[in-house]
Amino acid sequence: MAAPVLEIADLHIQIDDKPILDGLTLTVRGGEVHAIMGPNGTGKTSLAQTLMGHPRYAVTGGAVRLDGQDLLAMKPDQRARQGLFLAMQYPSEISGVTTANFLRAALNACRADGSNIPLKEFRDELDRVMQFLEMDPKFANRYLNEGFSGGEKKRNEILQMLMLKPRIAILDEIDSGLDIDAIKVVAKGVNSLKGPDFGALVITHYQRILDYVEPDFVHIMVDGRIVKSGRADLAEELDKKGYEWVRSELVRTGTVEES
Amino acid sequence: MNSTAAISSQTELHALIRDRFGHEPDWSLSRRLRAATNWFALDWPRLERTPLQKRRLDAIAVYDQPPADGETQFINTGGLEMHLHNNVPVVRSIPEPWIQRGVIFQSLRDALDNSLVRQYLGSLLAEDSDKIAALNAALWQNGVFLYVPPGISETVEVVIQNYATSEVQALLSRNVVVVGAQSRVAITERWFNAGAAHKMLLAANTEIIVEHGAEVQYGAIQQCEKNAEAFIHRAASVAGDARLDWHIGEFGAGLIVSSHQSHLNQAGASTKSITVFFGSGQQHQDYTGKSVHHAPHTTSDMTARGVMKGKARSIFTGVTQIDKGARGSDGRQREQTLMLTDDARADAIPSLVIDEQDVYAAHAASAGPVDRTAIFYLTSRGLTEEEATRLIVHGFLAPVIDAISQSALRDEVWQAVERKIRE
Ligand SMILES: Nc1ncnc2c1ncn2[C@@H]1O[C@H](COP(=O)(O)OP(=O)(O)OP(=O)(O)O)[C@@H](O)[C@H]1O
Ligand SMILES: [Mg+2]
């Protein structure tokens, strides 16, 4: 399959008639890691959830294409089967469904030929990935995210990502609440997928994870739009100067109206 | 005198009963006649959240005798098993060794000469509480009598299967179960029928006597068609150190009004109940579970879990009653309902009626919609919405269904759940 391309063009979204995204444009290709940074409440999670197809968000303008296909016309499960993955900021807890059973169901659902993955093959792969992510194998038989600590949930998101091997992954604050060792493990997971057939959009507030995943592009998002894009050093600059610096620059260049 | 569209007077009904049941012992016949008098005097059951006026039960030809659907075959299935078609026992199996040991397993009509039947029929479930109770008492067609003598420590497995063909207008059943001291019994009861354009009234009462130290598992699964308007009541008296487990799966019938109650009469008596229900379409389900602690050091634990979809409506009323003097008793209940659609409705109504200080009692109840965020989470990994819902329903019901110790029944309950999910 050709390298994936996720194109977001002039995307506008609302929630309960309240505008959240205000013309966001961004393209993520295979082989690229993009980071999005931005103040709280600026619409990063809304963007991520909209890309995955959460029904709560209404798209009021613009287009999103994955490999040229209209992503917005697809249901979330179809998007997943097209190779899109979202590591959620707040993963759900699913009582009574073990992580392993869920993952097997998900893998079977995503298999193009409709066949089921042989149990042994699945088990071996699960063991391998859990070991790689330094996870206690017991988590496989625990109910999905139920009673998991914040950090354990994040690690479980990465486990799912490595098992499902998406073509484009969106990671929404995968680093929040993680200790430094966990950040390294999570970054190791992301880096293991890196290659021409994999693109990533990493949403974060912190420079630290970017030290390990090394984004090719960094975008700053304010009030539902990308207001500044650059290379990895933009994140470092932002880390030092804060959002006030971005805002004042924007005002100076007349990009936004002073509020 | 089989087709009886219009019976408008007590005299006519008495004549019908004499005609149909005249050969029964006097005590039974006079009971029926007494109940027939009540039938005209009483009202339909009054249920707070289940109004019956609109269901037009009056229009059902309740006096009709169901046509026979086969003759009794005595076959040995290896266990105790009775199949009643239209309340005619068509299969009856009781292995010789059990007969030798004094086990009695007969149709109730055949057991009317047994003094235990006379003693216990109507001892736990009133026959004059409402029109349905009176109708059943007056015209009950058949049922099962099971007697297990004291001291049978290997579990006696019993299957009772009730089926009604599409011609049936009213299926009226009575069962009496007596389990002697220290004996063990596991009963699996099934209810189903062939659907029809007309409504069928199903009224079934089961009374269970659990003697000292006995252990009874009473499992039942109801999968009637939606033309059934079912009233299924079960009551048990539990003696000292005896134990009764209820495992009840309710899936079918357009209307189901069902109850199970355990009277813990002596110290050490205990009961545990699991009710699993799943409503869909226009189903209306009204369940009551009741644990009554009459004696000290008795324990009860009631669990109900249900799933509602379509426009289904359910009510689960749990009552834990602890009488004065029932010191050191422990009564618990929890009810949880999951609603898959906006139009589904479920009420859980727990109540504790406690007249004694020195007891432990607790209840928990919840009814809520399926978590849309959880569905989104699962679908975002490639599962269809249906498959995601199925997983969530499975996860919700697994802790209670997997606690059903009767394994064949447990599998049937899972299959019924799968069918309801796909429906
Ligand atoms: N379900 C919702 N109901 C109401 N408002 C919402 C909902 N989801 C998001 N919003 C609002 O949309 C705006 C954007 O929220 P979003 O979660 O996308 O921000 P974010 O950039 O991810 O913030 P953070 O950095 O804190 O995670 C906020 O004002 C938020 O309150
Ligand atoms: Mg966010």
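Values reported hereafter were calculated over all heavy atoms of this structure, with side chains retained and with hydrogens, waters and symmetry mates removed. The sequence lines fix the lettering, A, B, ..., with proteins before strands; numbering per chain opens at 1.
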**Q** Check whether Arg372(B) reaches the backbone of Arg56(A) with its side chain - one donor and one acceptor, N or O, closer than 3.5 Å.
**A**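 Flag not set: sc Arg372(B) to bb Arg56(A) has no pair under 3.5 Å.
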
**Q** Evaluate side-chain contact (heavy atoms from CB on, under 4.5 Å) for Met88(A) paired with Phe376(B), printing each intermediate quantity in order.
**A** CA-CA 11 Å; Met88(A) 304 215 185; Phe376(B) 172 66; 3.4 Å; yes

**Q** Given the rule in the side-chain contact (heavy atoms from CB on, under 4.5 Å) test, do Gln160(A) and Arg381(B) qualify, once you have shown the distances and angles that lead to the verdict?
**A** CA-CA 8 Å; Gln160(A) 293 175 41; Arg381(B) 304 306 190 234; 2.6 Å; yes

**Q** So for Pro91(A), is it side chain, backbone, both, or neither that comes closer than 4.5 Å to the heavy atoms of chain B?
**A**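 Its backbone and side chain both get close to chain B.
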
**Q** If we ignore hydrogens and angles and just use 3.5 Å, is the side chain of Arg81(A) paired with the main-chain N or O of Gly382(B) as donor and acceptor?
**A**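 Such a contact is found between Arg81(A) side chain and Gly382(B) backbone.
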
**Q** Identify which part of Leu378(B) has an atom lying under 4.5 Å from any heavy atom of chain A, answering side chain, backbone, both or neither.
**A**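 When you check distances to chain A, atoms from both the backbone and side chain of Leu378(B) fall under 4.5 Å.
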
**Q** If you count heavy-atom pairs under 4.5 Å with chain B, which of Pro166(A), Ala106(A), Cys110(A) comes out on top?
**A**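 Sorted descending by pairs with chain B, the first entry is Ala106(A).
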
**Q** Could you check if a side-chain atom of Ser92(A) sits within less than 4.5 angstrom of a side-chain atom of Thr373(B), using non-hydrogen atoms only?
**A**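 Contact flag for Ser92(A)/Thr373(B) side chains = yes.
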
**Q** With respect to chain B, which residue among Gln78(A), His54(A), Lys75(A), Arg79(A) yields the maximal number of heavy-atom pairs within a distance under 4.5 Å?
**A**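 Highest number of pairs under 4.5 Å: His54(A).
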
**Q** Working to the nearest 0.5 Å, report the span between CG of Leu51(A) and OG of Ser380(B).
**A**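 Reported to 0.5 Å precision, the distance equals 12.5 Å.
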
**Q** Hey, what do you get for CD1 (Ile94(A)) to CD1 (Ile375(B)), rounding to the nearest 0.5 Å?
**A**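 Reported value, rounded in 0.5 Å steps: 8.0 Å.
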
**Q** Need one label for Asn145(A): side chain, backbone, both or neither, based on atoms under 4.5 Å from any heavy atom in chain B.
**A**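 For Asn145(A), the contact with chain B is made by the side chain alone.
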
**Q** Heavy-atom distance under 4.5 Å to chain B: side chain of Leu144(A), backbone, both or neither?
**A**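 Only the side chain of Leu144(A) comes within 4.5 Å of chain B.
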
**Q** Measure distances from Gln49(A) to the heavy atoms of chain B and classify the residue's part below 4.5 Å as side chain, backbone, both or neither.
**A**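 Backbone plus side chain of Gln49(A), per the 4.5 Å heavy-atom cut-off to chain B.
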
